Undergrad: 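This is the structure, below, for whatever I ask next.
Within every chain, numbering begins at 1; the chains are lettered A, B, ... in the order of the sequence lines, protein sequences first and strands thereafter. Computed from a predicted structure; not experimentally measured.
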2 protein chains.
Amino acid sequence: MNLRDLRYFVTLADTGHFGKAAERCFVSQPTLSAQIKKLENYLGVQLIERQPRRVALTEMGTKILPLARRMLQESDEIVALARNEHDPLSGKLKVALIPTIGPYLLPLLMRKLRRKLPRLKLMLYEYQTQPLLDKLRAGDIELGILALPVPLDGLEARALYREPFTVAVPNNSDLAKKANVKVEDLSGETLLLLEDGHCLRDQALDVCGRIEARESEDYRATSLETLRQMVAAGLGVTLLPELATRGPFGSGQGLTVKQFARPVPARTVGAVWRKSSARTEAINAISAVIETTMKEIKK
Amino acid sequence: MNLRDLRYFVTLADTGHFGKAAERCFVSQPTLSAQIKKLENYLGVQLIERQPRRVALTEMGTKILPLARRMLQESDEIVALARNEHDPLSGKLKVALIPTIGPYLLPLLMRKLRRKLPRLKLMLYEYQTQPLLDKLRAGDIELGILALPVPLDGLEARALYREPFTVAVPNNSDLAKKANVKVEDLSGETLLLLEDGHCLRDQALDVCGRIEARESEDYRATSLETLRQMVAAGLGVTLLPELATRGPFGSGQGLTVKQFARPVPARTVGAVWRKSSARTEAINAISAVIETTMKEIKK
DNA sequence: ATGCAACCATAGCCGATATCTATGGCTTAT
DNA sequence: ATAAGCCATAGATATCGGCTATGGTTGCAT
């Protein structure tokens with residue numbers, strides 16, 4: 001069966017006239033005639049009674065007409081649905097961020113995202129790097145924002161901004177008094193870290209790998225905020241990504257945040273998505289928004 | 001848009017695999033691949049994300065899938081509807097009979113019709129000849145049973161049986177005593193007739209045209225039954241079609257029905273339908289039932 | 001009654017397109 | 001590293017929808 005034939009049939013039923021129906025369908029009369037006959041043949045029933053002066057529906061035609069109408073209407077619905085959301089910058093988009101980025105980056109982004117991509121409905125999730133990548137590959141989410149590099153198989157990545165690390169020390173620490181802190185200054189300090197699974201933990205270990213800072217054996221924080229509490233309580237020092245030290249998250253309450261001296265250790269934050277993703281346009285648009293937002297902040 | 005493409009799409013969504021979907025659709029994989037791409041192109045949206053190991057629906061594909069499913073289901077419904085009632089001897093059929101035939105013929109027919117054409121749902125109507133022909137031409141009914149001949153333009157007719165006329169006289173009439181009645185015997189009698197519009201009226205006038213029977217000026221009956229009452233009341237004589245004198249409708253209650261002597265005047269009862277009718281098979285079947293029924297009765 | 005106009009069906013041809021096989025490119029698994 | 005799985009591409013072919021021209025009825029008007 002063919003939707004075109006159904007359209008011919010419905011038009012013929014409406015006009016009661018092969019010639020007029022053909023005209024309305026923008027085909028010749030013999031074409032419509034032949035297709036109607038083909039449809040009747042396929043269904044094995046006569047739909048139309050060809051009376052001399054007009055055509056009339058048979059009982060079967062009367063029964064089938066509303067069904068045909070509904071099908072055509074639904075096909076129009078599909079087209080309308082597709083055409084309406086033709087815009088690649090609309091619809092839902094599932095985005096996940098790692099916990100050490102999400103809470104600090106999103107507040108900076110949301111206003112601009114809403115302005116630049118008003119039709120994009122972002123569904124936001126928070127996962128650690130590995131689960132995020134798994135869900136990305138599984139198609140559960142479309143875009144991940146995390147620290148690069150990560151193993152990319154079937155995935156594509158784009159660096160968005162460089163995020164310096166800072167060091168958070170108790171107010172009463174000697175380090176709190178220095179103008180800036182060199183990585184080596186951390187030698188001998190007790191290093192507080194997040195629990196396993198957080199990439200920040202690995203990054204911090206990486207930064208401090210060459211020196212002799214000791215990781216605290218007893219405590220592993222589950223979030224940057226608990227980590228911050230632990231530093232303020234004087235249990236040790238820790239590295240914080242710069243965004244987690246801005247605004248309300250800065251120094252204070254027993255804790256001092258210090259810049260690193262050059263070369264400033266940093267991590268690269270980027271976007272990751274499936275190579276095969278159908279939403280690359282939206283992904284690029286979001287990436288661009290993040291990039292420009294971060295550039296503006298740096299100034 | 002094409003139903004075939006929707007079927008490909010739905011199957012692909014079900015299998016998650018171009019090759020398997022193609023196999024299930026009995027086409028080659030490139031064919032299905034191309035058609036899916038064509039559909040996406042037509043809709044202007046990507047429906048399928050081609051991941052390395054499996055294919056996944058995009059958000060749009062997820063939205064469209066149920067609509068596509070429903071359309072296919074409805075197309076199947078249409079086919080099923082047509083195929084089920086493929087049988088030309090099923091469905092509704094609107095049949096009209098003239099008043100001087102219907103009440104007397106139908107009781108003889110119904111049992112056999114129900115047995116021979118069990119799936120045919122007869123909608124029965126009663127109209128006088130002219131309205132019947134009008135409604136036939138208008139497509140309001142499919143078949144008419146009436147007295148032939150009638151003007152046939154665009155209509156087709158088939159004679160079914162010959163129906164002799166009888167003469168109904170009051171019990172106390174001289175005619176009631178004769179073995180049989182010649183047409184000429186009616187000379188001088190008062191002839192009671194149906195009102196205008198009934199073909200039986202014209203037929204009776206035709207039969208009695210050559211002789212000098214006088215039509216009653218005062219009374220015109222609206223039905224055979226009132227006509228019968230009038231004869232029994234001694235107001236005159238009338239012609240009755242033979243079927244209207246059978247069984248419970250025979251002599252009695254002050255009225256005697258006499259056969260005519262040869263040549264017995266008679267009318268031809270036939271079926272009439274539109275030449276273009278889509279139900280000729282059913283019409284032929286009904287006609288055949290009437291014919292054989294009447295032959296059996298004659299014996 | 002005869003010719004004409006309206007209308008659907010048929011015939012024959014053509015171009016679009018759905019389909020096939022063969023093959024290429026990419027990814028993943030062994 | 002090699003092979004296997006899988007979708008896309010390329011090119012050939014067949015099917016089918018489309019057109020024009022024409023035929024056959026029917027109904028209408030002169």
Undergrad: Send over the distance from A:Leu152 CG to C:dT27 P, rounded to a whole Å.
TA: 12 Å
Undergrad: Given D:dA10, C:dA11, D:dG18, which nucleotide is nearest the side-chain atoms of A:Pro30?
TA: C:dA11
Undergrad: Could you tell me how far apart A:Glu23 (CD) and D:dC19 (P) are, to the nearest whole angstrom?
TA: 12 Å
Undergrad: Which residue lies toward the 5' end of DNA chain D, B:Val55 or B:Lys275, if each is placed at its nearest nucleotide?
TA: B:Val55
Undergrad: D:dC19, OP1 or OP2 - any side-chain N/O from A:Ser28 closer than 4.0 Å?
TA: yes
Undergrad: Figure out the NZ/P separation between B:Lys38 and C:dT17, and round it to whole Å.
TA: 9 Å
Undergrad: Testing the 3.5 Å rule here: is there a donor-acceptor pair between the side chains of B:Thr31 and B:Ser28?
TA: yes
Undergrad: Considering just the side-chain nitrogens and oxygens of B:Thr31, establish if one lies under 4.0 Å of OP1 or OP2 belonging to C:dA18.
TA: no
Undergrad: For A:Leu120, does its backbone N or O pair with a side-chain atom of A:Ser90 as donor and acceptor, under 3.5 Å?
TA: no
Undergrad: Over how many whole Å does the gap from A:Leu12 atom CG to C:dC8 atom P extend?
TA: 8 Å
Undergrad: Could you check which of D:dA8, C:dA18, D:dG17 has an atom nearest any side-chain atom of B:Gln35?
TA: C:dA18
Undergrad: Figure out the CZ/P separation between B:Arg4 and C:dT17, and round it to whole Å.
TA: 12 Å
Undergrad: I need the CG-P distance between A:Asn41 and C:dA9, as an integer number of Å.
TA: 13 Å
Undergrad: Does C:dT27 have OP1 or OP2 sitting under 4.0 Å from an N or O in the side chain of B:Arg50?
TA: no
Undergrad: To the nearest angstrom, how far is B:Leu32 atom CG from C:dT21 atom C1'?
TA: 16 Å
Undergrad: Taking atom types as modelled and ignoring hydrogens, do the side chains of B:Ser276 and A:Glu49 form a donor-acceptor contact shorter than 3.5 angstrom?
TA: yes
Undergrad: Please determine if a side-chain N or O atom of A:Tyr42 lies less than 4.0 Å away from the OP1 or OP2 oxygen of D:dC16.
TA: no
Undergrad: Applying side chain to side chain donor-acceptor pair (under 3.5 Å) between A:Thr100 and each of A:Gln128, A:Arg267, A:Gln203, report the one that passes.
TA: A:Arg267
Undergrad: Regarding B:Gln29, tell me which of base, sugar-phosphate or nothing describes its non-hydrogen contacts under 4.0 Å with the strands shown.
TA: base
Undergrad: Given atom CG of B:Asn2 and atom P of C:dA16, what is their separation to the nearest angstrom?
TA: 18 Å
Undergrad: Report yes if a side-chain nitrogen or oxygen of B:His17 is closer than 4.0 Å to either non-bridging phosphate oxygen (OP1 or OP2) of D:dC7; otherwise report no.
TA: yes
Undergrad: Less than 4.0 angstrom between a side-chain N/O of A:Lys37 and OP1 or OP2 of C:dA9, yes or no?
TA: no
Undergrad: So among B:Lys94, B:Arg274, B:Arg279, B:Lys92, which one has a side chain to side chain donor-acceptor pair (under 3.5 Å) with B:Glu142?
TA: B:Arg274
Undergrad: Hey, does B:Lys20 reach any base, or is it just sugar-phosphate, or nothing, if we go heavy atoms under 4.0 Å?
TA: nothing
